[in-house]
Amino acid sequence: VYIIVALILLVTAIDCIHSVPPGHRGVLVTFGAVKEVNLGEGLQLKLPYVQRIVDMKVMLEKEQVDESAASSDLQEITTTLTVHFNIMPSSAWMVYQTMRQDYHDLLLRPVIQEDLKATTAKFTAEELVTTRAALVQKLAEKLRESLQPYGIYVQTVNFVDFQFSKAFSEAIEAKVTAEQDALKAKNILV
């Protein structure tokens with residue numbers, strides 16, 4: 001009997017303690033209800049059998065999306081976009097309450113895809129190539145504006161791959177070749 005009582009007390013004592021790892025915030029859940037509190041890193045106390053602490057990652061994460069979009073002059077663009085983001089530490093409980101830990105599928109991918117299409121539609125195909133930094137800046141601003149109300153902060157946006165349709169690429173190559181031939185003819189004439 002003493003061994004069983006000691007075992008129950010030991011299990012209860014262990015269930016009172018939770019360690020929140022570095023780069024996370026603890027979300028306190030009592031009988032399924034999320035408390036509006038973010039527990040810091042380290043040891044945290046909770047009521048045994050009644051409460052549990054869910055670890056929400058607040059350190060830098062990466063979301064990579066492959067997407068097709070169109071420029072303002074209706075040229076198709078295929079891109080691989082990488083967005084570095086983190087859950088704001090003060091919003092960990094809210095993110096867990098609204099999306100649990102499924103925020104990648106429920107929020108990030110759809111918002112990134114929509115904002116990418118909306119942003120590239122403001123640029124011509126030529127501007128997408130020549131003013132790529134402006135595109136990245138506008139897209140980062142748009143994503144921050146879209147995701148901040150949900151407790152997610154966008155750090156950086158990077159285009160890993162950026163390709164136009166084959167016909168458009170061939171047309172650009174033909175244009176550059178024609179310009180080079182015209183310069184060559186002008187130099188010969190001079």
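- Take S91 and apply the side chain to side chain donor-acceptor pair (under 3.5 Å) test, not counting sequence neighbours, and it matches no residue.
- Scanning for salt bridge (Lys or Arg N to Asp or Glu O under 4.0 Å) contacts around K46 gives D15, with sequence neighbours left out.
- At a threshold of 4.5 Å between non-hydrogen side-chain atoms, the residues L45 and I17 count as touching.
- L47 and V37 are assigned to two separate hydrophobic clusters, defined by single-linkage of ILVMFWY side chains at heavy-atom distances under 4.5 Å.
- Taken to the nearest 0.5 Å, the OG1 atom of T156 stands 11.0 Å off from the NZ atom of K62.
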Please tabulate, for the side chains in residues 180-190, all donor-acceptor contacts under 3.5 angstrom to protein atoms that are two or more places apart in sequence or on a different chain.
unit_1 : atom_1 : unit_2 : atom_2 : d
N187   : ND2    : L183   : O      : 3.4

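- Heavy-atom neighbours of E179 CD from other residues, nucleotides or ligands within 6.0 Å: above the threshold of 12.
- Checking N86 against Q155 by side-chain atom types alone, a donor-acceptor pair falls below 3.5 Å.
- To the nearest 0.5 angstrom, S71 atom OG is 4.5 Å from I77 atom CD1.
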task: Show the numbers, then the answer: is there a side-chain contact (heavy atoms from CB on, under 4.5 Å) between I112 and L81?
output: CA-CA 9 Å; I112 291 170; L81 180 70; 3.6 Å; yes
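- Grouping the Ile, Leu, Val, Met, Phe, Trp and Tyr side chains by contacts below 4.5 angstrom, directly or via other members, places M88 apart from L106.
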- request: List the steps and the verdict of side-chain contact (heavy atoms from CB on, under 4.5 Å) for Q64 and T80.
  value: CA-CA 7 Å; Q64 189 162 318; T80 300; 3.2 Å; yes
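- Every pair passing ring-ring contact (aromatic ring centres under 6.0 Å, His included) that includes a residue from residues 88-115 is listed here, sequence neighbours excluded: F85-H104.
- Taking the side chain as every heavy atom from C-beta outward, L107 and M99 approach each other to under 4.5 Å.
- Proximity of I87 to K57: side-chain heavy atoms (C-beta onward) are nowhere separated by under 4.5 Å.
- Legend: residues meeting side chain to side chain donor-acceptor pair (under 3.5 Å) with E126, ordered by chain and number and at least two apart, are absent.
- Within the 4.5 Å cutoff, side-chain heavy atoms of L147 are placed close to those of L108.
- Checked by atom type and distance alone, the side chain of T30 never pairs as donor or acceptor with a backbone atom of A33 at under 3.5 Å.
- Counting non-hydrogen atoms of other residues, nucleotides and ligands closer than 6.0 Å to CG of L10 gives a total above 12.
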field: Audit row: E141, V154, side-chain contact (heavy atoms from CB on, under 4.5 Å) steps and yes/no
entry: CA-CA 9 Å; E141 289 170 4; V154 174; over 6 Å; no
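- Side-chain atoms of T124 and D73 form no donor-acceptor pair, as typed in the model, at a separation below 3.5 Å.
- Residue pairs meeting the side chain to side chain donor-acceptor pair (under 3.5 Å) criterion with at least one member in residues 144-153, sequence neighbours excluded: D115-S146.
- L28 and V34 fall into different hydrophobic clusters, where Ile, Leu, Val, Met, Phe, Trp and Tyr residues are linked whenever their side-chain heavy atoms come under 4.5 Å apart, directly or through other members.
- Side-chain N or O atoms of N38 include one that pairs as donor or acceptor with a backbone N or O of S90 at under 3.5 Å.
- L135 is listed as a side-chain neighbour of T120, based on a closest heavy-atom distance under 4.5 Å.
- Taking the side chain as every heavy atom from C-beta outward, L43 and S19 approach each other to under 4.5 Å.
- Applying the side chain to side chain donor-acceptor pair (under 3.5 Å) criterion to Q101, with sequence neighbours excluded, gives no partner residue.
- With sequence neighbours excluded, the residues that form a salt bridge (Lys or Arg N to Asp or Glu O under 4.0 Å) with K117 are E67.
- The distance from the NZ atom of K35 to the CD1 atom of I53 is 13.0 Å, given to the nearest 0.5 Å.
- Within the 4.5 Å cutoff, no side-chain heavy atoms of R25 are placed close to those of L39.
- A121 and S72 get closest at one heavy-atom pair: O-CB, 3.0 Å.
- Residues A92 and V58 share a closest heavy-atom pair of CB-CG1, 4.4 Å.
- Between V29 and V54, the closest side-chain pair of non-hydrogen atoms falls below 4.5 Å.
- Residues passing the salt bridge (Lys or Arg N to Asp or Glu O under 4.0 Å) test with E63 are R109, sequence neighbours excluded.
- Applying the ring-ring contact (aromatic ring centres under 6.0 Å, His included) test to pairs two or more places apart or on separate chains, none has a residue in residues 169-190.
- By the side chain to side chain donor-acceptor pair (under 3.5 Å) test, T130 pairs with no residue at all, sequence neighbours left out.
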- request: Run the numbers on M56 and V95 for side-chain contact (heavy atoms from CB on, under 4.5 Å), then give the verdict.
  value: CA-CA 9 Å; M56 288 293 289; V95 173; 3.8 Å; yes
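- Within the structure, ring-ring contact (aromatic ring centres under 6.0 Å, His included) pairs that include any residue of residues 19-55 do not occur (at least two apart or interchain).
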